[in-house]
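One-based numbering along the sequence shown. What you see is a predicted model; the values in this text were computed from it and never measured.
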Amino acid sequence: MKAGSKTWNAKPGEVERRWFVVDAEGKTLGRLAVPIADTLRGKNKPEYTPHVDTGDFVIVVNAEKIAVTGKKLDKKIYYRHSGYPGGIRKRTLREQLERRPTEVLRKAVKGMLPRNRLGRAQITKLKIYAGPEHPHEAQSPKPLEVTG
């Protein structure tokens, strides 16, 4: 590195946001969550800066048709707590997909984001819909390449 040259950092106001759409039908939960989390963080961009939200928006459709391997539909359990003593509730993945299918993918992606203000800002750029329709046609989203 030459003397006097500085490391370039992205500034929050200069980040260009793009929109991507992903069809979750038949895709494996974790293998789909990884590229979504990377896109929300901006890790696929050359101007990625760890402490700045450089990520893009991601729209996920058909979240109710997501696939899992093995016996996870009955063995994987989602816990939540009301805050009251004895207020813990649990649901299997099968029940969660019936009642709130969008939360399954949201929770998987959220676990891959930083646990701070930045992560909370990045998860707001994730838009998940249970069915094939989404109200973001005006943003003209491009398909996101997801393998596996």
Side-chain angles (χ1 to χ4, degrees), residues 9-148:
N9 278 319
K11 288 161 201 70
E14 298 174 358
V15 179
E16 183 213 336
R17 305 254 187 243
R18 294 173 302 201
W19 285 74
F20 293 99
V21 66
V22 180
D23 188 357
E25 187 173 359
K27 300 265 188 348
T28 309
L29 177 60
R31 291 174 186 268
L32 176 65
V34 171
I36 291 173
D38 285 349
T39 306
L40 290 173
R41 288 196 72 190
K43 296 206 74 167
N44 52 358
K45 293 180 169 183
E47 60 266 21
Y48 169 71
T49 308
H51 65 280
V52 177
D53 187 3
T54 55
D56 297 318
F57 288 84
V58 178
I59 305 160
V60 181
V61 292
N62 289 324
E64 62 194 2
K65 297 178 182 166
I66 202 151
V68 289
T69 57
K71 299 178 181 175
K72 291 190 192 85
L73 276 175
D74 298 310
K75 298 267 176 132
K76 184 174 177 65
I77 297 177
Y78 290 89
Y79 293 98
R80 58 200 170 89
H81 200 286
S82 66
Y84 288 95
I88 196 156
R89 302 278 181 265
K90 64 181 185 178
R91 283 184 188 160
T92 63
L93 176 58
R94 189 182 302 275
E95 291 170 320
Q96 190 77 329
L97 279 172
E98 284 172 19
R99 293 184 185 197
R100 300 186 70 189
T102 58
E103 287 306 303
V104 172
L105 186 61
R106 186 179 314 282
K107 190 164 178 160
V109 171
K110 189 177 181 187
M112 299 176 186
L113 295 177
R115 274 87 165 157
N116 54 23
R117 288 180 206 168
L118 184 62
R120 290 189 291 274
Q122 289 167 343
I123 196 74
T124 61
K125 297 197 307 286
L126 177 62
K127 315 291 182 192
I128 305 177
Y129 300 96
E133 302 296 314
H134 68 84
H136 305 286
E137 284 303 324
Q139 281 76 23
S140 59
K142 294 173 178 45
L144 182 68
E145 275 77 51
V146 178
T147 56

Between side-chain atoms of residues 13-22 and protein atoms elsewhere (two or more places apart, or another chain), which donor-acceptor pairs fall under 3.5 Å?
unit_1	atom_1	unit_2	atom_2	d
R17	NH1	D53	O	3.0
R17	NH1	G55	O	2.6
R17	NH2	D53	O	3.0
R18	NH2	D56	OD2	3.2

Atom [atom1] in [X], atom [atom2] in [Y]: separation rounded to 0.5 Å?
X: K45; Y: K43; atom1: NZ; atom2: NZ; value: 14.0 Å
X: L118; Y: R41; atom1: CG; atom2: CZ; value: 7.0 Å
X: I123; Y: L40; atom1: CD1; atom2: CG; value: 6.0 Å

Fill in the blank from the handout: In short, salt bridge (charged side-chain N to carboxylate O under 4.0 Å, His left out) pairs touching residues 108-124 with sequence neighbours left out are none

Handout entry: Qualifying salt bridge (charged side-chain N to carboxylate O under 4.0 Å, His left out) pairs with a residue from residues 78-96, counting only residues at least two apart or across chains
Key = D74-R94

Please tabulate, one pair per line, all N/O donor-acceptor pairs under 3.5 Å involving side-chain atoms of residues 99-107, not counting sequence neighbours.
unit_1	atom_1	unit_2	atom_2	d
E103	OE2	R106	NE	3.2

Do any side-chain atoms of residues 136-145 form donor-acceptor pairs under 3.5 angstrom with protein atoms, and if so which ones, sequence neighbours left out?
unit_1	atom_1	unit_2	atom_2	d
H136	NE2	Y129	OH	2.6
E137	OE2	H134	NE2	3.2

Looking at every non-hydrogen atom in both residues, tell me the closest pair between [X] and [Y] and how far apart they are.
X: I36; Y: L32; result: CG1-O, 3.3 Å
X: E47; Y: T54; result: O-CG2, 3.8 Å
X: V52; Y: A10; result: CG2-O, 3.4 Å
X: A37; Y: L113; result: O-CD2, 3.9 Å

For residues 57-70, dump all side-chain donor-acceptor pairs below 3.5 Å to protein atoms at least two apart in sequence or in another chain.
unit_1	atom_1	unit_2	atom_2	d
N62	ND2	D23	OD1	2.8
T69	OG1	K72	NZ	2.7

Exercise for the section: Could you note down all residue pairs passing ring pair (Phe, Tyr, Trp, His ring centres under 6.0 Å) where residues 77-111 supplies at least one of them, sequence neighbours left out? Expected result: none

Any heavy-atom pair between the side chains of [Y] and [X] that's under 4.5 Å?
X: V34; Y: M112; value: yes
X: L97; Y: L73; value: yes
X: E25; Y: P132; value: no

